[in-house]
Amino acid sequence: IGGVPDSGLLDTALKNGRLLNQTLNNATFLPGDVLVFPNKTFHMMGGIIADDLDSVTISFDGTVVLSNDLKHWPRDGGNRVLE
């Protein structure tokens, strides 16, 4: 999907998080489709949300590291971080 691997920079985590959310919520996944994270490390911001996926597999052959910089995590209307 075009994520940037092996970079722990805040900007990269923000971009990778946005990209994954866009992919999960805007792509047309069909039942049986597989989204594969290759054997690399992807840093991303939290707040990953997926709706209406039916029988889609997300395969982590690599590693996803969520940012521990909660100041930059997306928040809900009550100012709570999205997990």
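Values reported hereafter were calculated over all heavy atoms of this structure, with side chains retained and with hydrogens, waters and symmetry mates removed.
Note: the hydrophobic cluster containing V65 does not contain L24 (ILVMFWY, side chain heavy atoms under 4.5 Å, direct or indirect links). Hydrophobic clustering (ILVMFWY, side-chain heavy atoms < 4.5 Å, transitive): L70 and I48 are in one cluster.
Partner of Q22 under the side chain to side chain contact (heavy atoms under 4.5 Å, CB included) criterion, out of L19, L20, N25: L19 alone.
Of the possible donor and acceptor atoms, one in the side chain of W73 sits under 3.5 Å from a partner among the backbone N and O of S67. For the pair N21 (side chain) and I49 (backbone), a donor-acceptor distance under 3.5 Å is present.
The aromatic rings of F60 and F37 sit parallel, their planes meeting at an angle under 30°, below the 60° perpendicular limit.
At most 12 non-hydrogen atoms from other residues, nucleotides or ligands lie less than 6.0 angstrom from CG of N68.
Under the rule for a salt bridge (Lys or Arg N to Asp or Glu O under 4.0 Å), D52 has no partner lying at least two apart in sequence or in another chain. Residues forming a ring-ring contact (aromatic ring centres under 6.0 Å, His included) with F29 (at least two apart in sequence, or on another chain): none.
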**Asked** Can D61 and V36 be said to form a side chain to side chain contact (heavy atoms under 4.5 Å, CB included), step by step?
**Response** CA-CA 7 Å; D61 294 342; V36 177; 3.4 Å; yes
Cut-off 3.5 Å, no hydrogens considered: what does the side-chain donor-acceptor table look like for residues 10-17, sequence neighbours left out?
unit_1, atom_1, unit_2, atom_2, d
D11, OD2, K15, NZ, 3.1
T12, OG1, S7, OG, 3.1
N16, OD1, V4, N, 2.9
N16, ND2, V4, O, 2.8
N16, ND2, H43, O, 3.0

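With contacts defined as side-chain heavy-atom distances shorter than 4.5 Å, the pair T57/D33 does not qualify. Between H72 and M45, some side-chain heavy-atom pair lies under the 4.5 Å cut-off.
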